[in-house]
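All residue numbers refer to positions in the sequence shown, counting from 1. Atoms considered below: every heavy atom in the structure, side chains included; atoms not considered: hydrogens, waters and symmetry mates.
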Amino acid sequence: MQPRFFAILTALLLGVLGLGSVAVTDWSPAAATSPAATTAPERGAGARPAAVGGASATPTGDPAVWTRSTLRNKMMAEMDATDPGVALADLDKITKEKPYTVRFCHPIAHELGHAAVKRYHEDFQKVISFPHETCAAGYLHGAVEEMLNASTQPEVDLLKLCAPQNTGPCIHGVGHGTMFVAKQDVAKARDLCNKFTSDQNRIRCSEGLFMQLFGPDEEDEQAKANLPADKLAQDPLYPCKDQPSLFQSACYFYAPTFYLSSHDYPNHPEVYAEALKWCLNGKASGGAADCSRGVGSRTMKYNLDREDWAAQQCATAADGWQRKACAEGLVSYYTVNYTDGGAAGRLCAKITNKEMQGYCRSAGGLSGSLD
């Protein structure tokens with residue numbers, strides 16, 4: 001074969017192959033990949049991964065990572081299609097399988113309670129006929145709130161709603177409701193709590209009142225607008241020292257809810273240790289121990305799936321009395337969420353710090369009335 005002829009034949013073959021490659025190649029533009037999509041942002045040690053709105057769905061159709069809004073929408077849709085009992089049972093199942101959802105299951109249960117009162121036309125006995133212990137009785141709290149909010153005589157009805165049993169969770173719910181009725185006016189809400197004749201029930205009512213003040217719901221931006229910045233600048237634990245002695249304990253206990261939410265606790269794990277230092281502002285007024293218990297309670301609530309890590313945050317306190325108080329808070333919330341008799345023992349067994357484990361054991365017999 002002549003070299004010239006061979007060169008021409010080779011050129012023709014290469015041309016045909018090139019046209020074939022063009023025909024089978026997908027020339028549609030690829031989606032641009034930003035650095036943010038490929039590189040996770042640096043986060044503090046111990047921080048949780050951020051929930052991604054576009055997370056892929058599980059085989060059941062549920063998102064891989066629940067957010068407050070996705071879980072809330074699922075529960076409300078389930079209740080609309082069935083009844084509160086079905087929704088609450090599913091909510092309980094999800095929170096047991098995904099402990100991080102406990103951060104926002106209580107407010108979701110509140111919403112279910114509000115909706116149920118409207119659905120059953122304020123038939124309170126019908127509303128509470130469904131099992132309602134899920135998420136620290138949030139459903140019951142929401143139902144009581146809605147009943148009081150709809151009442152023309154809340155100062156009378158608040159004494160009737162929980163009778164005759166007058167259980168702690170129900171009266172706690174009344175405390176939440178007093179803030180709805182009083183339009184967030186603490187003094188007026190306190191006057192409503194004082195309608196109860198026993199100090200025990202007044203205190204239970206105050207727990208709901210101050211929980212509503214400092215953080216109606218976790219991850220609720222409106223919770224941060226309830227306290228005036230100028231007052232907080234003068235007194236970081238405002239308004240606790242201004243409360244009557246009977247109401248101060250609950251105020252100091254729930255004050256850390258506001259501190260943690262306003263310091264972006266999901267992305268700043270160091271804030272738990274900082275909150276314990278912040279509680280020392282209450283030493284002069286005698287509220288530092290209750291505040292430290294509150295830090296322990298919130299730390300456990302937001303980290304139910306890492307109990308030992310939560311205990312390590314309590315261990316950062318400089319003084320033993322504060323470490324002990326924080327441990328009491330850990331146990332308080334854990335036994336509210338897990339109501340079986342062995343809950344405190346399971347928690348203490350997971351704590352590796354011997355001092356903190358000892359405090360946990362001594363606190364194991366504490367009442368689980370605070371949520």
Next on the checklist: Set out, in order, the CA-CA distance, both residues' side-chain angles and the distance that settles side chain to side chain donor-acceptor pair (under 3.5 Å) for Asn267 and Asp264, then state yes or no.
Outcome noted: CA-CA 6 Å; Asn267 296 317; Asp264 190 22; 3.2 Å; yes
Item to check | Qualifying residues under ring-ring contact (aromatic ring centres under 6.0 Å, His included), relative to Phe180, sequence neighbours excluded | outcome: His114
Checklist entry - Can you find a heavy atom in the side chain of Phe196 that is under 4.5 Å from one in the side chain of Ile171? => result yes
Checklist entry - Any chance NZ of Lys324 has more than 12 other-residue heavy atoms, nucleotides or ligands included, within less than 6.0 Å? => result no
Next on the checklist: Go through it in stages, so that I can follow the logic: the residues are Cys314 and Leu330, the test is side chain to side chain contact (heavy atoms under 4.5 Å, CB included), and I'd like the CA-CA distance, side-chain angles, deciding distance and then a yes or no.
Outcome noted: CA-CA 9 Å; Cys314 290; Leu330 296 177; 3.8 Å; yes
Checklist entry - Is the closest side-chain donor-acceptor distance between His110 and Glu145 under 3.5 Å? => result yes
Next on the checklist: Between His132 (side chain only) and Ala137 (backbone N and O only), is there a donor and an acceptor less than 3.5 Å apart?
Outcome noted: no
Item to check | Partner residues of Tyr359 under the ring-ring contact (aromatic ring centres under 6.0 Å, His included) criterion, sequence neighbours left out | outcome: none
Item to check | Set of side-chain contact (heavy atoms from CB on, under 4.5 Å) partners for Arg72, sequence neighbours left out | outcome: Met76, Ile108, Glu111
Next on the checklist: To the closest 0.5 Å, what do you measure between OG (Ser129) and CZ (Phe124)?
Outcome noted: 11.0 Å
Next on the checklist: Keeping Ser297 on the side-chain end and Gly294 on the backbone end, is there a donor-acceptor pair under 3.5 Å?
Outcome noted: no
Checklist entry - Going through the checks in order, is the side chain to side chain contact (heavy atoms under 4.5 Å, CB included) test met by Arg103 and Arg68? => result CA-CA 9 Å; Arg103 293 207 316 269; Arg68 176 178 166 175; over 6 Å; no
Checklist outcome for this item: Given the options Val102, Leu347, Val336, Met300 meets side chain to side chain contact (heavy atoms under 4.5 Å, CB included) only with Leu347
Item to check | Any residue meeting side-chain contact (heavy atoms from CB on, under 4.5 Å) with Gln322, in chain and number order, not counting sequence neighbours | outcome: Leu276, Cys279, Leu280, Ser292, Ala317
Next on the checklist: I'd like to check Trp309 versus Ile351 (side-chain heavy atoms, cut-off strictly below 4.5 Å). Are they in contact?
Outcome noted: no
Item to check | Glu307 and Gln312, any side-chain heavy atoms less than 4.5 Å apart | outcome: no
Checklist entry - Quick check, are the ring centers of Phe210 and Phe253 under 6.0 angstrom apart? => result no
Checklist entry - Can you tell me how far CG of Leu140 sits from CG of Leu161, rounded to the nearest 0.5 angstrom? => result 9.5 Å
Next on the checklist: Measuring only between side-chain heavy atoms, which start at C-beta, is Pro131 closer than 4.5 Å to Leu88?
Outcome noted: no
Checklist entry - Hey, mind stepping through Tyr334 and Leu304 against side chain to side chain contact (heavy atoms under 4.5 Å, CB included) and telling me if it holds? => result CA-CA 8 Å; Tyr334 199 83; Leu304 265 173; 3.7 Å; yes
Checklist outcome for this item: Scanning both residues in full, the closest heavy-atom pair of Ala116 with Tyr139 reads CB-OH, 3.3 Å
Next on the checklist: Quick check for you: to the nearest 0.5 Å, what is the distance between Ser285 atom OG and Asp290 atom CG?
Outcome noted: 10.0 Å
Checklist outcome for this item: In this structure, CZ of Arg204 is separated from SG of Cys162 (nearest 0.5 Å) by 9.5 Å
Checklist entry - About how many Å separate CD of Glu97 and CG of Asp92, when rounded to the nearest 0.5 Å? => result 10.0 Å
Checklist outcome for this item: ring-ring contact (aromatic ring centres under 6.0 Å, His included) filter on Tyr252, not counting sequence neighbours, yields none
Item to check | Met356 to Ala327 - nearest heavy-atom pair and separation | outcome: CE-CB, 3.7 Å
Checklist entry - Between Asn337 and Tyr333, is there a donor-acceptor pair closer than 3.5 Å when you use the side chain of the first and the backbone of the second? => result no
Checklist entry - For Trp321, does its backbone N or O pair with a side-chain atom of Asp319 as donor and acceptor, under 3.5 Å? => result no
Next on the checklist: Please tell me whether His172 and His141 form a close aromatic pair, meaning their ring centres lie under 6.0 Å apart.
Outcome noted: yes
Item to check | pair Phe104-Thr101: side-chain heavy atoms closer than 4.5 Å | outcome: yes
Anything under 3.5 Å between a donor and an acceptor, one on a side chain of residues 234-247, the other on a protein residue two or more places apart or in another chain? List them.
residue : atom : partner : partner atom : Å
Asp235  : OD1  : Leu237  : N            : 3.1
Gln243  : OE1  : Arg190  : NH1          : 2.7
Gln243  : NE2  : Pro239  : O            : 3.0

Next on the checklist: Between Asp90 and Met75, is there a side-chain heavy-atom distance shorter than 4.5 Å?
Outcome noted: yes
Checklist entry - Roughly how far apart are Asn194 CG and Asp199 CG, rounded to 0.5 Å? => result 9.0 Å
Next on the checklist: Tell me whether Tyr259 shares a hydrophobic cluster with Val295, the cluster being built from Ile, Leu, Val, Met, Phe, Trp, Tyr side chains joined at under 4.5 Å.
Outcome noted: no
Checklist entry - At their closest point, which heavy atom of Ala189 faces which heavy atom of Met179, and how far apart are they? => result CB-SD, 3.6 Å
Item to check | Under 3.5 Å donor-acceptor, Thr70 side chain and Trp66 backbone | outcome: no
Checklist entry - So does Lys96 have more than 12 non-hydrogen atoms from other groups sitting under 6.0 Å from NZ? => result yes
Checklist entry - Any side-chain heavy atom of Tyr272 within less than 4.5 Å of one from Thr316? => result no
Item to check | Leu209 and Tyr254: CA distance, side-chain angles, deciding distance, side chain to side chain contact (heavy atoms under 4.5 Å, CB included) verdict | outcome: CA-CA 10 Å; Leu209 186 165; Tyr254 285 107; over 6 Å; no
Checklist entry - Hey, are the side chains of Arg293 and Cys326 touching, using non-hydrogen atoms and a 4.5 Å cut-off? => result no
Checklist outcome for this item: Nearest heavy-atom contact between Pro154 and Val181 is CG-CG1, 3.7 Å
Next on the checklist: Would Lys98 and Asp305 count as a salt bridge (charged side-chain N to carboxylate O under 4.0 Å, His left out) here? Give the steps.
Outcome noted: CA-CA 8 Å; Lys98 310 280 188 181; Asp305 54 345; over 6 Å; no
Next on the checklist: Using every non-hydrogen atom in the two residues, find where Arg323 and Ala315 come nearest and quote the distance to one decimal.
Outcome noted: CD-O, 3.6 Å
Next on the checklist: So that I can tick it off, tell me whether Arg119 and Asp80 are bridged by a salt bridge, with the cut-off set at under 4.0 angstrom between side-chain N and carboxylate O.
Outcome noted: no
Checklist entry - Judged by atom type as modelled, is there a donor-acceptor pair below 3.5 Å linking the side chain of Ser151 to the main-chain atoms of Leu148? => result no
Item to check | CA sep, side-chain torsions, deciding dist, call: Lys188, Asp191, salt bridge (charged side-chain N to carboxylate O under 4.0 Å, His left out) | outcome: CA-CA 5 Å; Lys188 290 180 180 177; Asp191 288 344; over 6 Å; no
Next on the checklist: Looking at every heavy atom in both Pro269 and Gln313, which two are closest together, and how far apart are they?
Outcome noted: O-OE1, 4.1 Å
Next on the checklist: Looking at Val331, is its backbone amide N or carbonyl O close enough to the side chain of Thr335 to form a donor-acceptor pair, meaning the two atoms are under 3.5 Å apart?
Outcome noted: yes
Next on the checklist: Can a donor-acceptor pair be found, under 3.5 Å and without considering hydrogens, that links the side chain of Arg298 to the backbone of Gly329?
Outcome noted: no
Checklist entry - Is a donor on one side and an acceptor on the other found under 3.5 Å between the side chain of Asn281 and the backbone of Trp278? => result yes
